[in-house]
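Just below is one structure, and these are the notes that go with it.
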Amino acid sequence: MVKTGGLADVSAALPAALSELPDEEIDIRVGTVAYRGVDNLPGFSLTKTFVAQTPAGALTIRIFEGRLGKGNVPVYAVDPEGFFDRHGLYGEDGGEYSDNLERFSLWNHALLHLPGVVGYSPDIIHANDWQTALSIPLFPHVIRPKIQAKPHRSVISIHNMAFQGVYPLSQWHWTGLPPAYNSFDGLEFHGRLSLLKGGVQFADLVTTVSPGYREEVLSEPGGCGLSGALRHRQDRFVGLLNGIDDREWDPASDPFLPVHFSGSDPTPKDLLKERMRKEWGFSPGERRPMFGVVSRMAHQKGLDLLAETLLTMGEKGDLGGEWIVLGSGDPNLEGLWRTIQALFPDQIHLRIGFDEPLAHRIIGAADFLVVPSVYEPCGLTQMYAMRYGTLPVVNPTGGLRDTVADGKTGIWMEELSENGIRKAIFKARTLFLEGHEIKEMRTRAMAVDSSWKNRAREYIRVYRRLMETPPWHNPLE
Ligand code: ADP
Ligand code: GLC
């Protein structure tokens with residue numbers, strides 16, 4: 001899988017979990033992008049080449065096929081003539097590729113030919129975010145007349161309203177949609193086009209990744225301009241909590257951890273912390289809480305405010321404990337964190353980059369994971385943390401509010417401000433130093449079952465209900 005954040009975790013773990021539900025027989029296929037390097041991925045091989053008509057004319061499409069999870073879910077990585085054979089996924093050096101609408105549209109066209117090419121007639125197509133949103137209005141125009149014998153249903157899942165795939169109308173031709181869709185009832189969005197709006201308008205069902213975030217996006221500013229469109233679909237819009245892959249994130253067997261522990265045997269967690277403290281260069285001795293951060297460096301994640309808070313706290317020389325911070329993204333934020341690290345080298349260990357093993361080690365070794373997000377559709381790291389007995393310290397917004405219980409499995413900031421963050425850090429420190437309550441909270445956090453095993457069942461229920469409900473979509477001509 002290709003990963004820049006939680007969408008990758010979800011698009012691998014949910015299909016795997018669905019296919020492994022013991023009493024369900026569902027035939028799931030995953031379509032994804034053939035990014036650079038797919039031909040060298042273990043288990044992936046070129047299985048089909050075909051020619052498809054697209055807004056760029058006839059294109060040669062290559063399909064690399066692999067398998068996912070114990071249920072051997074087929075994964076098709078679709079390559080429309082090398083459009084994704086690039087260094088970045090969406091762009092490079094902080095900028096977006098200028099032809100993103102063209103490349104993602106051609107990929108959506110290619111994807112819709114998949115069922116015909118591999119001989120599969122889906123009951124439901126399930127799109128995620130702006131990247132696949134176009135396939136929802138496009139489906140009846142590209143596919144149904146040709147191969148789809150039975151009526152299908154479509155679902156769009158929104159993982160983040162802030163990313164909609166908005167492009168100038170001068171690029172409309174790349175969508176391949178009939179002109180009627182270039183309207184307020186279609187994809188038109190303040191004089192531009194929004195791919196995500198197309199998904200919201202035409203999907204039979206719209207989902208997002210937590211009930212809390214669902215409420216937030218039904219009004220502005222949470223809806224990022226689409227709250228009206230979402231309110232219009234309100235009775236076919238549900239919030240379903242993400243889950244976690246509890247095999248990949250299991251403190252009892254995590255291959256990235258040098259020491260293992262579990263809910264029934266939590267003591268080795270202290271040993272792990274000591275091992276990692278040494279590795280990260282913290283001085284031995286003093287008993288101090290360890291605060292971890294594993295995050296995209298983006299304004300969404302509140303890392304600018306956290307950095308400012310630490311700078312202010314640092315004026316008194318005390319950051320509340322030891323900090324181990326891993327993140328990458330916005331170059332300004334990366335720079336800000338480098339500055340803090342240089343100011344307080346004995347209190348912060350910083351790693352700029354994307355480093356999966358280190359993410360596991362931080363989440364395993366820290367006492368607290370700090371997640372001061374401005375907004376958070378669901379958030380996965382707080383759930384991973386709880387499983388590892390690492391208490392999340394969160395701004396209770398969206399999925400963070402839905403998944404972390406204040407004072408029971410984590411700590412809520414009173415407000416998202418320097419003061420709110422500082423108070424939460426000191427509350428955490430007190431908990432740590434007093435020692436008794438934190439143990440109970442850890443035990444409780446580790447006992448929370450956030451696994452996809454349970455949450456995938458919600459999707460099954462929703463899919464079932466969807467198949468029993470008449471289709472909503474009404475293709476425009
Ligand atoms: P988002 O998708 O908004 O970034 P989530 O909490 O849903 O937030 O998912 C983030 C995922 O990306 C988690 O699996 C987390 O461990 C991982 N992650 C984030 N930043 C890094 C990083 N710098 N290195 C390794 N993994 C990271
Ligand atoms: C997005 C959201 C995050 C969510 C993830 C997976 O990246 O920012 O909150 O957990 O998608 O749904």
Side-chain angles (χ1 to χ4, degrees), residues 5-7 10-11 14 104 108 124-140 152-167 169 175 177 180-242 299-300 373-379 396-403 455 458-459 461-463 465-466 469-476:
L7 176 58
V10 174
S11 32
L14 173 58
F104 277 93
N108 273 259
I124 296 175
I125 62 161
H126 188 156
N128 288 281
D129 275 352
W130 68 269
Q131 292 91 332
T132 41
L134 181 62
S135 66
I136 302 246
L138 207 52
F139 192 97
H152 75 283
R153 303 289 192 281
S154 59
V155 181
I156 177 115
S157 289
I158 301 174
H159 297 260
N160 196 332
M161 291 301 303
F163 301 98
Q164 294 187 18
V166 174
Y167 299 98
L169 282 175
T175 66
L177 284 169
Y181 286 85
N182 183 353
S183 63
F184 181 74
D185 293 332
L187 278 62
E188 194 272 331
F189 182 70
H190 303 292
R192 308 216 282 167
L193 71 92
S194 160
L195 295 177
L196 189 61
K197 183 177 173 192
V200 169
Q201 298 276 86
F202 296 97
D204 293 297
L205 180 78
V206 183
T207 78
T208 190
V209 288
S210 70
Y213 190 59
R214 177 190 180 276
E215 293 313 306
E216 289 170 20
V217 299
L218 285 171
S219 56
E220 297 302 331
C224 298
L226 280 189
S227 59
L230 286 167
R231 279 199 303 279
H232 186 56
R233 304 299 319 276
Q234 207 157 347
D235 52 350
R236 286 181 180 240
F237 178 30
V238 293
L240 300 175
L241 265 187
N242 281 335
H299 175 69
Q300 175 196 341
S373 306
V374 178
Y375 71 93
E376 197 60 76
C378 180
T397 174
L400 295 171
R401 176 181 285 268
D402 290 340
T403 55
R455 296 194 178 152
E458 278 301 307
Y459 277 85
R461 264 189 283 270
V462 162
Y463 289 152
R465 221 178 307 134
L466 188 60
T469 318
W472 149 274
H473 57 269
N474 200 2
L476 307 178

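For the single chain, residues carry numbers from 1 onward in sequence order.
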TODO: Specify the closest pair of heavy atoms between L187 and P137, including all atoms of both residues, with the distance to one decimal.
DONE: CD1-CG, 4.4 Å

Open item on the list: Would the distance check show the side chain of N108 and the main-chain N or O of Q131 forming a donor-acceptor pair, the cut-off being under 3.5 Å?
Closed with: yes

Task: Shortest non-hydrogen contact between P211 and D402, atoms and distance - done: CD-OD2, 3.2 Å

Task: Counterpart residues, side-chain contact (heavy atoms from CB on, under 4.5 Å), relative to R455 (two or more places apart) - done: L241, M383, S450, W452

Task: Within-4.5 Å side-chain heavy-atom neighbours: Y167 and L195 - done: yes

Task: Closest heavy-atom pair and its distance - S373, E376 - done: OG-OE1, 2.7 Å

Open item on the list: Just verifying a value: how many Å separate C378 SG and L7 CG, rounded to the nearest 0.5 Å?
Closed with: 12.0 Å

- [ ] Please identify each residue that fulfils side-chain contact (heavy atoms from CB on, under 4.5 Å) with R236, with sequence neighbours left out.
- [x] D204, L205, R233, T469, W472

Open item on the list: We want to know whether H126 and Y459 form a side-chain donor-acceptor pair, criterion being a heavy-atom distance below 3.5 angstrom.
Closed with: no

Task: Qualifying side chain to side chain donor-acceptor pair (under 3.5 Å) pairs with a residue from residues 206-219, counting only residues at least two apart or across chains - done: S157-T207, E216-T397

Open item on the list: Under a 3.5 Å distance rule, please check whether K197 uses its side chain to pair with a backbone N or O of E188 as donor and acceptor.
Closed with: yes

TODO: Taking the side chain as every heavy atom from C-beta outward, state whether Q300 and V374 have any atom pair closer than 4.5 Å.
DONE: no

Open item on the list: Quick check: do F104 and W130 have side-chain heavy atoms less than 4.5 Å from each other?
Closed with: yes

Open item on the list: Walk me through whether L177 and L134 qualify under side-chain contact (heavy atoms from CB on, under 4.5 Å).
Closed with: CA-CA 9 Å; L177 284 169; L134 181 62; 3.7 Å; yes

Task: Residues in side-chain contact (heavy atoms from CB on, under 4.5 Å) contact with A162, at least two apart in sequence or another chain - done: N160, C224, Y375

TODO: Could you tell me which residues satisfy ring-ring contact (aromatic ring centres under 6.0 Å, His included) with F189, sequence neighbours excluded, listed by chain and number?
DONE: none

Task: Shortest non-hydrogen separation from R401 to P396 and the atoms involved - done: NE-O, 3.2 Å

Open item on the list: Any non-hydrogen side-chain atom of N242 less than 4.5 Å from a side-chain atom of T403?
Closed with: no

Task: Heavy-atom pair of closest approach, residues G199 and I156 - done: O-CG2, 3.6 Å

Open item on the list: With rounding to the nearest 0.5 angstrom, report the CD1 to OG1 distance, I125 to T132.
Closed with: 8.5 Å

Open item on the list: Going by side-chain contact (heavy atoms from CB on, under 4.5 Å), name the residues that satisfy it together with L230, two or more places apart in sequence or in a different chain.
Closed with: I158, M161, V200, V206, V217, L218, F237

Task: Shortest non-hydrogen contact from L196 toward A133 - done: CA-CB, 3.9 Å

Task: Student check: side-chain heavy atoms of Y181 and P475 closer than 4.5 Å - done: yes

